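Here's the structure, in structure tokens; my notes come after.
Everything numeric in this text was worked out from a predicted model, so none of it was measured. Chain A is the first sequence line, chain B the second, and so forth, proteins listed ahead of strands; every chain is numbered from 1.
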Amino acid sequence: MALRVAATAVMAARAAPRGMMRLFSTTSPNSFMPPPIAAMGNGEGTPGREQAPPSTNLFVSGLNKRTPSEKLREAFSQFGQVVDARVVTDRVTGYSKGFGFVRYASIEEAEKGRVGMDGKFLDGWVIFAEYARPRPERPPPQNMTNSNGYNSYARE
DNA sequence: GGTGAGCGG
């Protein structure tokens with residue numbers, strides 16, 4: 001379909017006098033329209049699935065539910081200094097949720113640990129390592145005033 | 001007891 005349109009346009013251009021070309025293009029004789037793209041979204045409407053920017057914190061998923069935090073640290077320590085490694089467990093049942101977080105001392109180490117552990121096996125399960133999503137330490141400013149009606153923000 | 005995509009405390 002596009003070929004037919006292009007061929008027709010080419011034939012028309014070759015048959016048309018030079019004066020007609022000006023009606024189609026003001027500058028370049030071969031460009032029909034300036035690309036109006038690269039302005040809209042890239043087709044992804046799920047911001048949660050997007051990759052996070054590099055940081056020292058790594059999100060590790062696909063873990064075996066019996067894998068403890070020590071095993072996680074042990075596996076990731078061969079790529080850098082692990083400052084913190086924890087497997088997320090349910091607070092009430094204490095059972096592992098199958099994912100965890102690994103924090104390195106530097107982003108360089110985190111990068112090495114990410115590419116070094118992503119897709120690797122750990123306790124028989126293929127794990128996935130990626131940069132952890134930047135989440136606010138403090139809860140989002142829902143209500144800046146406390147029950148007394150005063151501003152309760154006295155820290156940084 | 002133990003699910004199999006996900007972003008904790």
Specify the separation, in whole Å, of atom OH of A:Tyr131 and atom P of B:dG8. 20 Å
Would you indicate what A:Gly100 reaches in the nucleic acid, counting non-hydrogen atoms under 4.0 angstrom: base, sugar-phosphate, or nothing? nothing
Please produce a list of atom pairs where a protein N or O lies less than 3.5 Å from an N or O of nucleotides 1-3 of chain B.
none

Whole angstrom is fine here: how far is it from CD in A:Gln51 over to P in B:dC7? 14 Å
Can you tell me how far C1' of B:dC7 sits from CG of A:Leu63, to the nearest Å? 12 Å
Answer yes or no: is there an ion pair linking A:Lys71 with A:Glu74, defined by an N-O contact shorter than 4.0 Å? no
Measure across A:Ala85 and A:Val82 and return the closest heavy-atom pair with its distance rounded to 0.1 Å. CB-CG1, 3.9 Å
Gap between atoms CZ and C1', on A:Phe101 and B:dG8 respectively (whole Å): 5 Å
Closer to the 5' end of DNA chain B via nearest nucleotide, is it A:Arg91 or A:Phe99? A:Phe99
Between A:Arg86 and A:Ser69: side-chain donor-acceptor atoms closer than 3.5 Å: no
Does one side chain, of A:Glu111 or A:Tyr104, offer a donor that lies under 3.5 Å from an acceptor on the other? no
In whole angstroms, how far is the P atom of B:dG8 from the CG atom of A:Asn57? 11 Å
For A:Gln81, which residues count as a side-chain contact (heavy atoms from CB on, under 4.5 Å) partner, sequence neighbours excluded? A:Ala105, A:Glu109
Mind checking whether A:Phe59 and A:Tyr131 have ring centres under 6.0 Å apart? no
